[in-house]
Asks: 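One structure follows; several queries about it will come next.
Only heavy atoms go into these numbers, but all of them, side chains included; no hydrogens, no water, no symmetry mates.
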Amino acid sequence: MADMILPPGLSRAAFATARRGFEAAVGAGNAFFDDLDRDTYADKFAVDDTGHLPLGAVAPASAEEVQAIVRIAAQYKVPLWPISRGKNLGYGGSAPLLSGSVIVDLSRMKKIEVDEANGTVLLEPGVGFYDLYDYLQANKIKLWLSVPGNSWGSVAGNALDRGVGYTPYGENTANICGMEVVLPDGDIVRTGTGALGGSPTWQLYRYGFGPSWDQMFVQSNFGIVTKLGMWLMPEPESVMGMDLEFDRPEDLGPLIDTLGPLRRERLLQQSPTIGNWLRAAAILTTRGEWTNQPGALSDAVIAAIRKKFGMGWWGVSLRLYGREDVNKAAYAVLERAMSALKPMSIKPTSWRRGEAAEQSGWFGVPLTFPMQNANWHGGRGGHIGFSPILPQSGARAMRQFERTYARYKEFGMDYQASFAFGERHLINVNAVLLDKDDPALLKRVDPFLRALVADARAEGYGEYRTHLDYMDTVAGTYDFNDHALMRLNEKVKNALDPAGILAPGKSGIWPERYAKERGK
């Protein structure tokens, strides 16, 4: 069980008074401060179970209760760590960066308002992908989600951490339109045209008048989002595409150089992901079925796994969405481009409106089976990620792959990775699959990840998202003009949150009150 750890500067007496205030605000049954509660909100995939320990949690049911919590916390200097559903596994889960923070668990806030005609939704942070999918299905609403690979988390939370999905609306953060936010002083603001009371365009026009603030609350600690507007994709007339396998590691470069122009000209409207063989194999089998040897898997074992499951070294799924006549024309272009690369296999796929939908992320259907990769080593598993942003260049991607693959072998890790397309960029998502019962492996994780961050920075690449343990490290790589961006972030932080209570250290942004905690 997790012991009660007070953050710097908070006395037991002040905390006891604040706790009574929290319980009065949300009801005693929605305040969680026992040993088991603290353990429940810890990071289950943590490499070091002694870090990032919460003091407890409170679960508000409304924006008004969030306001009350924030005001109490400011009065007694209690640091808060907001979560939507706490399912951000691999990045910290429900745990806070600063041990001794009180979790603000927003999972009870589950209101959904859909505008089918305009293809928008206004939802609260407790709404999960399954919740929204079930709502759309139950009400026969012909709108599709864009779901991440593991879809048990919050729709709002995923968008606020720049999560991605697999449909043409896959850039979830880009589809945010209008927020309601509780600020660190307890004030509440609506962004965009939501600043006009009763405006019918809150979820239709992103900007409003004057500065546009929505992206300021993405990956930041400037406020607690209590409502989020998003655009959803209208159900298309047809979906066509293909699943491809490529045999050799060096096929990656030509594949990226072929897909990049198709993505930029928007023949491909979705953002495809090229995954290596282990990304697929880790959900079908376990390491122990193939070898008991320590260190990175040998080429012979990799070949045996690939042969059994008929996998290429790389695989990618491509989909076209929209009018059937348009899709047929685009498919012919796509087929010629892919055939020229001589893949191991091409498996065509098609769907028309009215047919049973494929149960996959390509159709906006939530899924959780990819979480099976946490069991790759057997026993108490987990994963942690390293995800730098690259240009859409086959040569650069190959250099990134070769450098990173060599590091995996150097540190005795099994290589699981993908290259996910945006419109103009690639994100190289590398997963470190953990065995929490292997102390020797866990000891290698931190130096391994720090080497990867340093390697990427030497190429001019920074991460788009990271685990709690590496927020200060990654923020430090954004170093133009003596870290001018961080200085700007902290000016804003200290202006909005002079008490320094809201998510200290998130994304490397520390309030003045906790400045000495940076890098610990």
Asks: Taking all non-hydrogen atoms of both residues into account, name the closest pair between G126 and R85 and its distance.
Replies: O-NH1, 3.4 Å
Asks: Suppose we call two aromatic rings close when their centres sit under 6.0 Å apart. Are Y321 and W362 close by that rule?
Replies: no
Asks: Decide yes or no on ring pair (Phe, Tyr, Trp, His ring centres under 6.0 Å) for F401 and W314, but give the supporting numbers first.
Replies: CA-CA 12 Å; F401 157 67; W314 303 103; 5.4 Å; yes
Asks: Where the side chain of N118 meets the backbone of D115, is there a donor-acceptor pair that is under 3.5 Å apart?
Replies: no
Asks: Rounded to the nearest 0.5 Å, what's the gap from CZ on R444 to CD on E410? Could you check?
Replies: 11.0 Å
Asks: Looking only at the aromatic ring of each residue, does the gap between the centers of Y415 and Y405 stay below 6.0 angstrom?
Replies: yes
Asks: Is the F448-Y408 ring centre distance short of 6.0 angstrom?
Replies: yes
Asks: Could you check whether the rings of H52 and H467 sit parallel, tilted or perpendicular, using 30° and 60° as the cut-offs?
Replies: perpendicular
Asks: Can you name the nearest heavy-atom pair linking P272 to S317, along with the distance?
Replies: CB-O, 3.9 Å
Asks: Have W376 and D414 got a donor and an acceptor in their side chains that come within less than 3.5 Å?
Replies: yes
Asks: Let me see the working for Q219 and R465 under side chain to side chain donor-acceptor pair (under 3.5 Å), right down to the final yes or no.
Replies: CA-CA 8 Å; Q219 284 192 2; R465 186 180 187 187; over 6 Å; no
Asks: Go through S238 and R323 one step at a time and tell me if the side chain to side chain donor-acceptor pair (under 3.5 Å) criterion holds.
Replies: CA-CA 6 Å; S238 80; R323 302 298 175 106; over 6 Å; no
Asks: Are W144 and F363 close enough that their ring centres sit under 6.0 Å apart?
Replies: yes
Asks: Check D43 against A95 and note the closest heavy-atom contact, atom names and distance.
Replies: N-CB, 3.6 Å
Asks: Return yes if a side-chain donor-acceptor contact under 3.5 Å exists between Y470 and R450, otherwise no.
Replies: no
Asks: Any donor and acceptor pair, going by atom type alone, linking the side chain of T291 with main-chain N or O of Q293 inside 3.5 Å?
Replies: yes
Asks: Under 6.0 Å from the CZ atom of R352, do we count more than 12 heavy atoms belonging to anything else shown?
Replies: no
Asks: Compare every heavy atom of W351 with every heavy atom of E237, then report the nearest pair and how far apart it is.
Replies: O-CZ3, 4.2 Å
Asks: Is there a donor-acceptor pair under 3.5 Å between the side chain of T226 and the backbone N or O of E180?
Replies: yes
Asks: Going by side chain to side chain donor-acceptor pair (under 3.5 Å), N158 matches just one of N172, T173, N150. Which one?
Replies: N172
